[in-house]
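A short worksheet on the structure shown next.
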Number of protein chains: 2
Amino acid sequence: MAVTLGDVARHAGVSLATASRALNGSARSVTEELSAKVRASADALGYLPNAPAQALARSSGATIGVLLHDVADPYFGGIARGVGDAAARAGLLSLVTSTDGDPRRELEAIRMLHAHRVRAIVLAGSAYNDVSVIQELDEALAAYQEQGGRVAAITDHGPLYDTVEVANKEGAAALTRALLDLGHRRFAVITGPERMRVAEDRLDGVLEALDESGLTPVEGMLQRTEFTREGGRAAMARIVDVARESGTPLPTAVIALSDICAAGVLAELRARDIAVPEEISVAGFDDIPLATDLAPALSTVRLPLARMGEFAVRLALREGGGRDLADNSHASAEVVLRDSTAAPGVY
Amino acid sequence: MAVTLGDVARHAGVSLATASRALNGSARSVTEELSAKVRASADALGYLPNAPAQALARSSGATIGVLLHDVADPYFGGIARGVGDAAARAGLLSLVTSTDGDPRRELEAIRMLHAHRVRAIVLAGSAYNDVSVIQELDEALAAYQEQGGRVAAITDHGPLYDTVEVANKEGAAALTRALLDLGHRRFAVITGPERMRVAEDRLDGVLEALDESGLTPVEGMLQRTEFTREGGRAAMARIVDVARESGTPLPTAVIALSDICAAGVLAELRARDIAVPEEISVAGFDDIPLATDLAPALSTVRLPLARMGEFAVRLALREGGGRDLADNSHASAEVVLRDSTAAPGVY
DNA sequence: CTGAAAGCGCTAACAT
DNA sequence: ATGTTAGCGCTTTCAG
């Protein structure tokens with residue numbers, strides 16, 4: 001049915017091997033003359049290589065896999081875009097799997113990607129802090145690597161993988177200091193679930209910066225939740241409720257360690273008629289595309305999402321595979337102050 | 001290196017064929033006893049099927065491809081998520097390609113997906129109105145279909161494909177009528193590029209509804225631009241400038257036929273200190289996740305993005321492949337009025 | 001530089 | 001019900 005390399009070879013009057021070399025072979029060992037003839041036959045017949053067959057023969061596919069929580073989430077969407085672009089540049093297609101951060105599904109996804117013999121796997125989700133979970137994932141990835149697979153991680157997933165180091169902690173600390181400089185002293189912070197390393201890293205940055213100024217978040221002013229809009233909303237509600245019940249004054253600044261969460265925070269504050277930034281300053285993290293369009297424009301920490309994805313692919317595809325730590329890419333995090341933050345009490 | 005089916009068969013003391021049937025075969029023709037033995041051996045050895053080999057042997061891969069403009073765009077991200085979920089449910093992985101709406105790249109992507117022998121291709125981007133472009137794409141897809149590939153389109157891409165029909169026109173008309181009902185009479189509309197069918201469909205809906213009320217947009221009050229934030233911003237700027245230069249009053253309602261555009265519109269209006277909805281009402285289209293968090297909360301038309309992606313996969317994977325028109329899915333569009341729209345002149 | 005032939009790992013007739 | 005065996009389309013030694 002389909003046109004095969006054999007058809008092309010016959011049409012061009014050359015052997016299968018020559019046709020293969022002319023079209024897809026890496027080694028330059030075909031006369032330009034024959035090569036041209038083959039190429040001509042190829043598109044005269046509308047030849048399209050059979051990728052699975054190539055993958056089988058070379059025992060390495062022309063795809064790269066991406067593991068992430070949710071493509072529809074702007075953070076991951078940005079990364080997926082970068083991975084896809086870099087993959088395309090390398091002539092590869094990208095296989096993306098949304099796991100909702102469920103380790104079981106991640107494990108399953110890794111196995112599938114492995115089965116598909118993807119050239120590399122990009123770990124875009126957060127690493128976990130739960131040892132038993134890590135172990136299973138590491139084992140699956142180790143099996144994959146043993147068979148020649150490359151894996152690159154975005155944010156630290158341990159020393160076994162090439163990693164695009166993201167300045168999560170530093171960024172969070174810088175953001176916190178910016179708020180401190182504005183004069184804030186009463187903070188609330190909303191972070192992700194304890195099991196997510198990224199969330200903990202960011203939190204560490206905040207706490208460290210706070211500590212430098214001799215501050216510690218009061219009981220109830222540190223909330224953990226999923227990195228979702230709804231999670232952020234609920235966390236903000238809890239913060240207000242806790243403050244009111246205990247008769248404590250509201251914090252003057254709340255740091256949500258994800259822009260999506262921050263969107264929820266803003267929504268909750270609006271619903272409660274608490275003015276931002278007049279009564280409470282709000283900051284997020286990631287600088288997703290619409291951060292600047294929120295009400296008010298969200299102060300946040302900018303991460304080069306697409307670039308991170310591209311870096312990861314570059315790391316994974318790099319020749320040799322020598323994994324010197326020095327080769328790890330580094331993604332910077334830049335504080336972007338917009339309208340959702342202001343000095344406390346100026347109004 | 002890798003554990004193969006042969007290894008499993010040997011370990012279990014059965015033939016290759018039996019092992020194959022026990023593990024991946026569809027036909028129930030293996031004793032439960034042997035089958036169990038094979039499965040035991042399989043995971044004792046850590047067997048993972050070689051997907052490319054399976055694809056080659058069955059001449060059909062375990063992947064489905066998605067063609068879209070940009071995964072990082074919330075509209076497409078939502079669709080990609082739906083496609084990925086539905087694919088996963090069918091045991092497939094999804095290959096996503098961002099083409100930025102460039103026909104050349106789409107063509108290239110189709111060829112690659114075809115080469116990878118994906119089980120189905122989901123056309124998530126808009127169809128084009130340019131015949132010469134359509135033809136090339138249709139040819140590439142026809143070649144793919146001839147070799148057993150299935151294709152499903154989201155929004156109308158012609159009668160050659162299964163399609164998830166999206167109520168773009170109807171939704172746009174309904175939205176317009178809602179604005180009309182609010183009392184608006186001076187409209188501006190920002191749509192996408194002429195070459196995109198989706199943009200034209202939505203525009204048709206608006207114009208039709210306007211026409212029902214005896215209205216037609218004045219010169220300059222109909223702007224075409226890319227469906228991007230920046231495009232929306234620039235278009236809004238032009239609208240204001242045109243109005244001022246010609247001494248015409250500003251429109252009281254502007255309809256941006258994409259939420260992303262609408263975000264840009266809101267930004268421009270804010271920059272010019274034009275109050276929304278007091279001076280101008282603004283509405284978008286799609287209801288992307290953050291639409292409700294814009295300033296002010298954006299009135300729009302809700303599309304079930306993820307569902308659309310799922311439908312497309314279901315259509316494409318459906319047995320038989322009989323493409324009665326009656327089988328096409330239909331995605332409804334629901335008007336959602338939020339704070340960015342109000343009756344004109346009430347302030 | 002080119003061709004012949006042996007697989008890559010699996011499925012699917014075709015026997016038995 | 002299970003085993004044998006011939007491919008699937010391509011890459012890649014190995015000869016020539």
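Order of the sequence lines fixes the chain letters, A, B, ..., with proteins taken first and strands second; residue numbering starts at 1 for each chain.
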Does Asp162(B) reach the side chain of Arg318(B), with side-chain heavy atoms less than 4.5 Å apart?
yes

Sequence neighbours left out, what passes side-chain hydrogen bond (donor to acceptor under 3.5 Å, both in side chains) with Ser35(B)? Give chain and number order.
Arg39(B)

State which residues pass ring pair (Phe, Tyr, Trp, His ring centres under 6.0 Å) with Phe76(B); sequence neighbours excluded, sorted by chain then number.
His69(B)

Under 4.0 Å between a side-chain N/O of Asn24(B) and OP1 or OP2 of dT11(C), yes or no?
yes

Angle between the end axes of the helix from dC1(C)-dG16(D) to dT16(C)-dA1(D), five pairs per end, to the nearest 10 degrees?
30°

Rounded to the nearest angstrom, tell me the gap between atom CG in Leu5(B) and atom C1' in dG7(C).
17 Å

Sorted by number, the residues of residues 107-121 of chain B with heavy-atom contact under 4.0 Å to DNA chain C
none

More than 12 heavy atoms from other groups under 6.0 Å of CZ on Arg307(A):
no

How about Asp156(A) and Glu165(A): do any of their side-chain heavy atoms sit closer than 4.5 Å?
no

Got a sec, which residues hit side-chain hydrogen bond (donor to acceptor under 3.5 Å, both in side chains) with Asp70(B), two or more places apart in sequence or on another chain?
Arg81(A)

What nucleic acid atoms does Ser59(B) come within less than 4.0 Å of, heavy atoms only: base, sugar-phosphate, or nothing?
nothing

What's the CG-P distance between Asp7(A) and dG9(D), to the nearest Å?
9 Å

Hey, can you pull the residues of residues 51-58 of chain B with a non-hydrogen atom under 4.0 angstrom from DNA chain D?
Leu56(B), Ala57(B)

By side-chain hydrogen bond (donor to acceptor under 3.5 Å, both in side chains) - contacts of Arg119(B) (at least two apart)
Ser60(B)

I need the full list of salt bridge (Lys or Arg N to Asp or Glu O under 4.0 Å) pairs touching residues 45-61 of chain B, with sequence neighbours left out, sorted by first then second residue.
none

Where each residue is assigned the nucleotide of DNA chain D containing its nearest heavy atom, which of Glu32(B) and Ala2(A) is assigned the position nearer the 5′ end?
Glu32(B)

Whether the side chain of Arg197(A) engages the backbone of Ala127(A) through a donor-acceptor N/O pair (distance < 3.5 Å, no angle test) should be reported.
no

Atom CG of Leu23(B) and atom P of dG9(C): how far apart are they, to the nearest Å?
16 Å

My understanding is that only residues two or more places apart in sequence, or in another chain, count here; which of them pass side-chain hydrogen bond (donor to acceptor under 3.5 Å, both in side chains) with His114(A)?
Gln147(A)

Please lay out, stage by stage, how Tyr128(B) and Glu106(B) fare under the test side-chain hydrogen bond (donor to acceptor under 3.5 Å, both in side chains).
CA-CA 11 Å; Tyr128(B) 300 101; Glu106(B) 289 202 353; 2.8 Å; yes

Considering only distance and modelled atom types, tabulate donor-acceptor pairs under 3.5 Å from the side chains of residues 4-14 of chain B, sequence neighbours left out.
from	atom 1	to	atom 2	distance (Å)
Thr4(B)	OG1	Gly6(B)	N	3.2
Thr4(B)	OG1	Asp7(B)	N	3.4
Asp7(B)	OD1	Arg10(B)	NH1	3.4
Asp7(B)	OD2	Thr4(B)	N	2.8

Which residues pass the side chain to side chain contact (heavy atoms under 4.5 Å, CB included) test with Leu123(A), not counting sequence neighbours?
Leu67(A), Ile121(A), Leu141(A), Val151(A), Ala153(A), His157(A), Tyr161(A)

Protein and nucleotides 2-4 of chain C: nitrogen or oxygen contacts under 3.5 angstrom:
from	atom 1	to	atom 2	distance (Å)
dT2(C)	OP1	Thr31(A)	OG1	2.1
dT2(C)	OP2	Thr31(A)	N	2.7
dT2(C)	OP2	Thr31(A)	OG1	2.8
dG3(C)	OP2	Ser15(A)	N	3.1
dG3(C)	OP2	Ser15(A)	OG	3.2
dG3(C)	OP2	Thr18(A)	OG1	2.6
dG3(C)	N7	Arg21(A)	NH2	2.6
dG3(C)	O6	Arg21(A)	NH1	3.2
dG3(C)	O6	Arg21(A)	NH2	3.3

Under-4.0 Å side-chain N/O to phosphate OP1/OP2 contact, Ser20(A) with dC10(D):
no

